[in-house]
Structures are given as structure tokens and as C-alpha cells.
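First the structure, in the form of C-alpha cells, and then the observations on it.
Because the structure is predicted, anything quoted here is derived from the model rather than measured.
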Amino acid sequence: MKILAAVLVVGGFVGFFYGLFDLVLPTTALRWRANSTSRAKKLGRATGLAFQRMVGVTGPIDPATRGSRAERRVRMTGIVLMTLSLLEVAAGIWVARG
């Protein structure tokens with residue numbers, strides 16, 4: 001049980017900081033995801049393209065589009081990820097005490 005608790009807590013912290021990155025630097029997050037998708041193969045590429053469609057990004061990211069709809073969606077994704085990650089950390093702590 002201690003290993004499961006540790007995995008939940010560590011995974012939760014990683015997810016929290018990734019969500020914080022999305023919230024604070026959405027343009028950079030979009031650019032990195034677009035670059036990663038262009039280099040990915042098969043499943044990774046399909047997942048990346050699905051994410052880009054979800055946030056409304058097609059083609060290269062233009063840094064001049066600050067405040068765009070895509071940025072707002074990435075920020076919202078970051079908030080959701082941070083919330084779920086905190087719940088994961090809480091679950092890990094609960095498992096460790098149980």
C-alpha cells in the first residue's frame with residue numbers, strides 16, 4: 001500500500017506542476033505540444049492532433065495570438081489538471097494513512 005500511496009502522491013505532484021505550466025505559460029505549452037505532435041508516431045500523433053482539435057489549434061502556433069481561444073482552453077485544461085492532481089495527492093495521503 002505504501003508503494004501505491006507514493007505513486008499517487010508523486011504522480012499528483014507531477015500533474016499539478018504540469019497543469020500549473022499550462023495555466024501560467026499557455027502559449028509555450030501550445031508550441032511545445034505542436035512540436036511534439038509533429039515528431040510523434042502513430043498513437044502519439046493521433047493523440048496530439050486530437051488535443052489540437054479540442055483547443056482549436058491548426059497549424060503552427062503564432063505567438064502574436066495572445067489571449068486567443070486556444071490559450072483560454074489550455075488554461076482551463078491546466079486548472080482541471082491541477083484540481084484532479086490535488087485529488088490524486090489527497091487519495092495518496094489517504095491510502096498511506098489507511
Side-chain angles (χ1 to χ4, degrees):
M1 287 301 231
K2 297 290 183 181
I3 294 173
L4 174 62
V7 168
L8 286 172
V9 170
V10 170
F13 278 122
V14 169
F16 178 82
F17 287 112
Y18 194 74
L20 185 64
F21 174 72
D22 284 351
L23 182 65
V24 176
L25 300 168
T27 304
T28 304
L30 282 168
R31 193 174 317 117
W32 284 3
R33 286 187 182 133
N35 290 339
S36 174
T37 300
S38 68
R39 291 188 309 259
K41 305 263 190 288
K42 295 185 183 179
L43 182 60
R45 184 168 179 81
T47 305
L49 291 173
F51 176 81
Q52 288 177 6
R53 278 192 303 275
M54 180 185 77
V55 297
V57 175
T58 56
I61 305 302
D62 180 15
T65 60
R66 291 208 157 286
S68 69
R69 184 171 153 188
E71 275 191 12
R72 286 191 301 275
R73 287 184 176 181
V74 169
R75 282 190 177 111
M76 185 57 67
T77 302
I79 291 170
V80 170
L81 182 57
M82 289 169 63
T83 303
L84 292 175
S85 297
L86 288 176
L87 290 173
E88 184 180 354
V89 169
I93 294 169
W94 181 74
V95 167
R97 290 186 178 191

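Linking ILVMFWY side-chain heavy atoms closer than 4.5 Å, directly or via other members, places L4 and V10 in two distinct hydrophobic clusters. Hydrophobic clustering (side-chain heavy atoms under 4.5 Å, transitive across Ile, Leu, Val, Met, Phe, Trp, Tyr) keeps V9 apart from Y18. Under the 4.5 Å side-chain heavy-atom criterion for grouping Ile, Leu, Val, Met, Phe, Trp and Tyr, M76 is not connected to V24 through any hydrophobic cluster. Cluster membership for L25 and F16, using ILVMFWY side-chain heavy atoms within less than 4.5 angstrom, is shared. A single hydrophobic cluster is not seen to contain both V14 and V7; linkage of ILVMFWY side chains at heavy-atom distances under 4.5 Å, directly or through other members, places them apart.
Using a 4.5 Å heavy-atom cutoff, the side chains of W94 and L8 are not in contact.
Of all the heavy atoms in S85 and G15, the pair that sits closest is OG-C, 3.1 Å. Nearest heavy-atom pair, V95 versus A5, reported as atom, atom and distance to 0.1 Å: CG1-CB, 4.1 Å. Pairing each heavy atom of M82 with each of L23, the nearest pair is SD-CD2, 4.1 Å.
Rounding to the nearest 0.5 Å gives a distance of 6.0 Å between CZ of R53 and CG of L49. For the atom pair CG (D22) and CD (E71), the distance works out to 11.5 Å, reported to the nearest 0.5 Å. From L81, atom CG reaches atom CG of L86 across 9.5 Å, with rounding to the nearest 0.5 Å. To the nearest 0.5 Å, atoms OG1 (T83) and CG (L87) are separated by 7.0 Å.
For F13, the CZ atom is loosely surrounded, since the number of other residues' heavy atoms within 6.0 Å does not exceed 12.
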